[in-house]
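Heads up, the thing below is written out as structure tokens.
Proteins get letters first, then strands, A, B, ... in listed order; numbering begins at 1 in each.
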Protein chains: 2
Amino acid sequence: MTEATRRERLRAETERDIRRQARALLVARGRDAVTLRAIARELGITAPALYRYYDSREDLLHQLADDICTDLARELDADLARIPSDDVTEQVYAVCRGFRRWALAHPQEFALVFASTETTLGGCGPDDRHQVGDQFGRVFLEVAGRLIAGHPAPEPGPPDVPESLHADLEVFQRVLVDTVNARGVPADDDLLPLSAVYHITQSWVRLYGHVALEVFGRFPFAMSNPEPMFDSMLAEILGEMGFTGR
Amino acid sequence: MTEATRRERLRAETERDIRRQARALLVARGRDAVTLRAIARELGITAPALYRYYDSREDLLHQLADDICTDLARELDADLARIPSDDVTEQVYAVCRGFRRWALAHPQEFALVFASTETTLGGCGPDDRHQVGDQFGRVFLEVAGRLIAGHPAPEPGPPDVPESLHADLEVFQRVLVDTVNARGVPADDDLLPLSAVYHITQSWVRLYGHVALEVFGRFPFAMSNPEPMFDSMLAEILGEMGFTGR
DNA sequence: AGAATTCAGTGAACGGTGTTTACAGAGTTG
DNA sequence: CAACTCTGTAAACACCGTTCACTGAATTCT
């Protein structure tokens with residue numbers, strides 16, 4: 001029945017085990033603790049065996065980052081599924097809060113994926129479903145773009161888009177529109193004007209900024225509970241986009 | 001003449017050399033390349049000798065982060081000194097742009113200081129001048145607070161400060177006011193109301209968010225030149241605070 | 001001045017790391 | 001059943017942080 005040969009099954013299983021152990025080490029003791037020898041030890045094999053699966057430790061960490069992205073996307077999608085599909089505002093809230101919750105619960109993973117100097121972070125998310133390419137941030141932005149495109153948002157002008165960004169933003173606009181279309185929701189450039197694309201990017205800046213500052217403890221003062229500030233920021237972001245308060 | 005004994009002079013000199021080499025390694029090949037043995041090798045001594053200066057590699061990296069903070073603060077102050085002292089808007093621009101420029105020119109240092117999961121990052125900046133304590137972000141926020149306090153800013157209400165943040169914000173307000181006073185500019189709580197403190201924090205979120213995303217290449221699309229977006233964001237932040245465009 | 005003490009630096013050692021190499025042996029394929 | 005593919009091994013190399021007993025110069029004490 002199973003097309004896979006015995007060897008292929010074993011290999012796939014070992015590969016899953018490797019990544020599971022690597023993940024466990026990352027969570028428990030940070031990036032530096034993700035050691036080939038530690039992983040091998042835990043799996044009852046020897047370190048050089050891992051080279052049958054990954055080119056190097058760096059490669060393994062790279063793959064690990066991809067796994068993490070996929071899991072994060074899955075988690076956010078699950079959050080999304082619990083919201084009535086007509087309540088756009090609540091959907092945005094859910095995704096943003098989900099991102100913050102995930103980051104705070106998984107600081108090491110967050111640091112690896114979202115605050116690493118390694119430039120080589122490849123495409124994120126399940127590459128087969130939507131192969132857009134190379135940069136990240138899309139887990140969140142995809143969802144945001146989809147939601148916004150499905151909403152007849154009145155654009156409240158002011159933050160003029162710098163002309164020198166038009167070209168770049170148009171590329172991103174196309175990516176967003178295509179992504180939304182691929183999900184079945186018809187949309188075109190008119191539904192997602194450049195100013196909206198620009199605003200989405202600015203929202204990502206603020207969302208990421210808050211979450212990263214919280215994860216790394218780099219807010220300028222201690223907050224007994226940063227959540228109200230986060231929620232207030234979300235309300236402001238949504239308000240600027242023409243969504244009324246929850 | 002010199003009060004210092006010969007041994008003290010040599011020690012201070014070696015300590016400077018150690019930090020200089022550590023810094024060079026960090027810049028050239030990243031945090032992982034800052035190894036005790038590499039530093040020692042470069043200095044013509046042996047690795048255990050470094051334990052006469054630092055408790056551990058972790059401790060050395062910690063001190064290194066402090067050095068970096070000091071340098072960054074010095075650099076921003078230098079930028080500031082070139083701006084006419086009555087042009088507040090331009091001063092804010094200078095500090096924010098200076099921070100971005102520094103981060104892009106020193107990505108490894110930025111990552112070590114501003115995106116590290118190590119919770120133990122102690123007070124930053126020269127601790128003797130202002131010993132506020134434990135968290136960071138102040139290099140920028142100090143300057144921002146000082147500038148804003150010296151400016152009769154009309155507060156444009158809207159972003160209501162969540163009540164649950166009042167207590168925390170008041171602590172930060174006190175720190176900011178004290179810092180400003182310590183610089184000779186008289187100020188009190190009225191000149192820096194809670195809403196302004198809140199807005200400063202939100203500005204830090206956006207400034208940090210943009211810079212970190214750029215340094216780590218985590219914007220959702222490639223920008224041929226991200227600077228216009230940064231400038232546009234600064235203009236918006238300043239506009240919200242009642243400053244007219246440059 | 002000479003003895004006592006402090007202390008920066010050494011060399012050897014321990015256990016850890018990534019990575020390469022030659023080699024075994026099971027799984028698969030002709 | 002032979003030929004081949006591929007996962008795993010053991011040994012080795014060059015690193016790493018850290019500890020320890022030690023030397024010898026700089027300093028301090030008497």
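Here dG18(C) presents its C1' atom at 14 Å from CZ of Arg31(A), a figure rounded to the nearest Å. Separating the CG atom of Leu10(B) from the C1' atom of dA25(D) is a distance of 11 Å, rounded to the nearest angstrom. Atom CZ in Arg29(A) sits roughly 11 Å away from atom P in dG16(C) (whole-Å rounding). Atom P of nucleotide dG18(C) and atom CG of Leu61(A) are separated by 10 Å, given to the nearest angstrom. The distance between atom CD1 of Ile45(A) and atom P of dC6(D), rounded to the nearest whole Å, is 18 Å. In this structure, the CZ atom of Arg41(B) is 17 Å from the C1' atom of dG9(C), given to the nearest Å. One can place CG of Asp55(B) at 10 Å from P of dT18(D), the figure rounded to the nearest angstrom. The distance from atom CD of Glu58(B) to atom P of dT18(D) is 8 Å, rounded to the nearest whole Å.
Counting only N and O atoms by type, the side chains of Ser56(B) and Tyr51(B) include no donor and acceptor under 3.5 Å apart. Checked by atom type, the side-chain pair Tyr54(A)/Arg19(A) shows a donor-acceptor distance below 3.5 Å.
Considering only side-chain atoms of Tyr51(A), the nucleotide from dT18(D), dG18(C), dC15(D) that sits closest is dG18(C). In the set dT9(D), dG17(D), dT19(C), dG17(D) carries the atom at the smallest distance from any side-chain atom of Thr35(B).
Listed here is the closest heavy atom pair of Phe110(B) and Ala103(B): CD1-CB, 3.6 Å.
Checking the phosphate oxygens (OP1, OP2) of dG9(C), no side-chain nitrogen or oxygen of Arg52(B) falls inside 4.0 Å. For Thr46(A), a side-chain nitrogen or oxygen approaches OP1 or OP2 of dT9(D) to under 4.0 Å.
Residue Arg7(B) is the one, among Tyr53(B) and Arg7(B), whose nearest nucleotide of DNA chain C lies closer to the 5' end (criterion: closest heavy atom).
For Arg37(A) against dG16(C), a side-chain-to-base donor-acceptor contact under 3.5 Å is absent.
To the nearest 0.5 angstrom, Ser203(A) atom OG is 8.5 Å from Arg206(B) atom CZ.
Ion pairing of Arg31(B) with Glu58(B) is present here, as a side-chain N (NZ or NE/NH1/NH2) and a carboxylate O approach within less than 4.0 Å.
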